[in-house]
Amino acid sequence: MDKLELMQQQLNKANGMLVGLILKKPEILYEYTIDKKSLSEEAMFYVGITQKLLEKGNEVIDEVGFSSEVENIGLIELYKKYGSYQTIKDMMSIVDDRNADSIIDNWSKWVLCKTYYEKGVLDINKHYDKLSKMTSSQVYSYLEHEINSVSISTGVDGLDFENLILSDEELEEIMSGANLGLQYNQKSHILNSMTMGIPKSELNAICGYINEGKTSFAFSNFVMPVVDNGHKTLIISTEQRSIVFKLLLITDVLTTKLNYFKLTRKKLKTGKYTDEDLRMIKMAKQYIQENYADKIIFLKLYDYNTDIVTKAIKKYAQLGMELVLYDVLKFDSSSEDQSVWLSLITDSKNLFQCCSKYNVAGLVTLQLAMATKNKVRQIGMECVANSKAVFEVMSEAIFIRSAWQDELEEDSITYLKPYRLKRDENGRFTGEREEIKLDKDKQYKIVRLGKSRNDSTDKFLLYSVDFNFNIWKEIGMCTVSDKNKY
């Protein structure tokens, strides 16, 4: 049997395991993105019927429900051809739903291999033995490495090889604090300490669901503190116009610099100002002109283009830019196209390489899969369906969501138990906790460092937020239950 036949055999087996998993645990269709176009005809039959049953409110696949649905849509002969319900029982019996991640990853891997083979990128006979031992993300990275190695062997300029002996100059840099990231501790003291600033030459992410305040959080807690520390920033937006960020900036100046709280963000948009409002707006404009005109640059990106982004980062890095905010790196979890999440992986790697090459701190906002919203408490990388490979290039990944009502009630078993650590007379932490009382009239956000090269990922922070003025306050630490809602 040649390698191509072996690959098809593995894909057929992976299709069977995936279908068995979906039949056994139908909610998998909501928890993961399954590219239905990549399923075999037989697999699509079972998945399609399961999808219809889910839409009708069925949470468990049984013989009566499945057979009735098949009969309703007139596919009873095809159903019999495939072995009727006995085949379903057989497929479910060989699957353990606790292995869902590995089953889906294995299927994704062989779909990738077939896709690359059909596009003429992959010589399956040459690489099969290695690929069969890899995960889907490793397959992607391996093929990317193979392509890059060809470029290296044919003489690509710009390669810089060196030994790993620490020089005196590098040691002095470390001792001076130059290797620390861009500091943003004015508003997020604890989080800044955990991430050691925003690492330069790295890509970092702020992840959240739609309308959770990702952009507002990034601007208030990262962009403005960094800019106030004297570091130039480039904002690249794929969705928002410049006016959105101009209003965020003027709101920040009005509240934090001029201590003026009579203009909410909503009122600012209406244009209906009092004489006092107008006078303060003019003062804020003057402040921005004097302090931020050359420190914050905005670029609206209508179509994602790696060349445009690379040129923009290169240009402004040469002009002293040290932070780039890319808003928003978006993953369409409703798409059934396998190329969508592959594109997301490629985009994140391109951004990382660009930040690394030009020594800038990269910060992206990333949208989470909506299928997990209001279901997962300890949000993390698993909430980006089918695209964990995106985070391979990330140094720090910060996840943000709204606190649920039961987490704010002191008599609830899922109460957040917010606290801050006490300090002694010398300012050192004692290890003792000081309980924090929550205000029922305030809105709270839970922040988790979901991936980090500088700290552990089992810590949760609590912020209060007033969106009227985009004021975020780091309250302290909290304890988040692992009791999800499914």
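Here D129 pairs with K3 in a salt bridge; the nearest charged N to carboxylate O distance falls below 4.0 Å.
A donor-acceptor contact closer than 3.5 angstrom links the side chains of S201 and N359. Y209 and S402 share no donor-acceptor pair across their side chains, judged by distance under 3.5 Å alone. Donor-acceptor pairing under 3.5 Å is lacking for the side chains of T414 and E407.
Proximity of a side-chain donor or acceptor of Q378 to a complementary backbone N or O of V480 within less than 3.5 Å is detected. The backbone N or O of M381 sits nowhere less than 3.5 Å from a side-chain atom of K451 that would complete a donor-acceptor pair. Checked by atom type and distance alone, the side chain of K187 pairs as donor or acceptor with a backbone atom of S220 at under 3.5 Å. Formation of a donor-acceptor pair under 3.5 Å by the N99 side chain with backbone atoms of S102 is not found in this model. In this structure a side-chain-to-backbone donor-acceptor pair under 3.5 Å is present from S412 to D406. Looking at R453, its side chain does come within 3.5 Å of a backbone N or O of M394 through a donor-acceptor pair. In this structure, the side chain of N12 engages the main chain of Q8 through a donor-acceptor pair within 3.5 Å. Under a 3.5 Å cut-off, the side chain of K109 and the backbone N or O of S132 do form a donor-acceptor pair. Checking side-chain atoms of S93 against main-chain N and O of D90 turns up a donor-acceptor pair under 3.5 Å. In this structure a side-chain-to-backbone donor-acceptor pair under 3.5 Å is missing from S193 to H189.
Applying the 6.0 Å contact sphere to NZ of K417 captures no more than 12 heavy atoms from other residues, nucleotides or ligands. No more than 12 heavy atoms of other residues, nucleotides or ligands shown are found within 6.0 angstrom of OH on Y117. Residue M477 places its CE atom among more than 12 non-hydrogen atoms of other residues, nucleotides or ligands, all under 6.0 Å distant. Applying the 6.0 Å contact sphere to NZ of K89 captures no more than 12 heavy atoms from other residues, nucleotides or ligands. Atom NZ of K52 sits in a sparse spot, with 12 or fewer heavy atoms from other residues, nucleotides or ligands closer than 6.0 Å. Heavy atoms from other residues, nucleotides or ligands lying under 6.0 Å from CD of E41 number 12 at most.
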Please report the C-alpha distance between V223 and Y184 in whole Å, then the side-chain angles of each, then the deciding distance to 0.1 Å, and finally whether the side chain to side chain contact (heavy atoms under 4.5 Å, CB included) criterion is met. CA-CA 8 Å; V223 172; Y184 57 96; over 6 Å; no

Let me see the working for L461 and E474 under side chain to side chain contact (heavy atoms under 4.5 Å, CB included), right down to the final yes or no. CA-CA 7 Å; L461 303 177; E474 190 182 67; 3.8 Å; yes

What's the verdict on side chain to side chain contact (heavy atoms under 4.5 Å, CB included) for I398 and F222, showing C-alpha distance, side-chain angles and the deciding distance? CA-CA 12 Å; I398 298 164; F222 294 86; 3.6 Å; yes

For V47 and L18, what are the C-alpha separation, side-chain angles and deciding distance, and is it a side chain to side chain contact (heavy atoms under 4.5 Å, CB included)? CA-CA 9 Å; V47 172; L18 176 65; 5.9 Å; no

What verdict does the salt bridge (Lys or Arg N to Asp or Glu O under 4.0 Å) test give for E27 and K375, after you've listed the backbone C-alpha separation in whole Å, the side-chain angles of each residue and the deciding distance to 0.1 Å? CA-CA 12 Å; E27 62 266 31; K375 293 181 179 180; over 6 Å; no

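Between I446 and L462 there is a side-chain heavy-atom pair separated by less than 4.5 Å. Under the 4.5 Å side-chain criterion, counting only non-hydrogen atoms from C-beta, Y463 is not in contact with I400. Looking only at side-chain heavy atoms (C-beta outward), L368 and E212 stay at 4.5 Å or farther from each other. Side-chain contact between F217 and K445 is absent, with no heavy-atom pair separated by less than 4.5 Å. Taking 4.5 Å as the limit, some side-chain heavy atom of I28 sits within range of a side-chain heavy atom of I104. Looking only at side-chain heavy atoms (C-beta outward), D455 and T195 stay at 4.5 Å or farther from each other. Side-chain contact check for Q51 versus I22: every heavy-atom pair is 4.5 Å or farther apart. Counting heavy atoms from C-beta outward, W107 and N15 have side chains that approach closer than 4.5 Å.
Ring planes of F219 and F245: tilted class, angle from 30 to 60°.
In this structure, CG in L301 is found 5.5 Å from OH in Y326, a value given to the nearest 0.5 Å. With rounding to the nearest 0.5 Å, the separation of CD1 in I206 from CG in L363 is 4.5 Å. With values rounded to the nearest 0.5 angstrom, R448 atom CZ is found 12.5 Å from K459 atom NZ. Rounding to the nearest 0.5 Å places CD1 of I379 at 11.0 Å from NZ of K373. Within the model, atoms CD of E382 and CZ of F391 stand 9.5 Å from one another, a figure rounded to the nearest 0.5 Å. For the atom pair N229 CG and Q183 CD, the distance stands at 7.5 Å (nearest 0.5 Å).
Of all the heavy atoms in M7 and Y128, the pair that sits closest is N-CE1, 3.8 Å. Taking both residues in full, the closest heavy atoms of T87 and G83 are given as OG1-CA, 3.2 Å, listed atom of the first, atom of the second, then distance. Across all non-hydrogen atoms, the minimal contact from S395 to N204 is CB-OD1, 3.4 Å. Scanning all heavy atoms of the two residues, the minimum distance from I190 to G476 falls at CD1-CA, 4.1 Å. Nearest heavy atoms, L203 versus S348: CD2-O, 3.3 Å. Shown here for F352 and V393, the closest heavy-atom pair between the two residues is CD1-O, 3.6 Å.
Residues F467 and W472 place their aromatic rings such that the two centres sit under 6.0 Å apart.
Exactly one of I235, L234, V244 qualifies for a side-chain contact (heavy atoms from CB on, under 4.5 Å) with F298. That residue is I235.
For D123, there are no side-chain hydrogen bond (donor to acceptor under 3.5 Å, both in side chains) partners, not counting sequence neighbours.
Counting only residues at least two apart or in different chains, side-chain hydrogen bond (donor to acceptor under 3.5 Å, both in side chains) contacts with residues 70-82 comprise S67-Y79.
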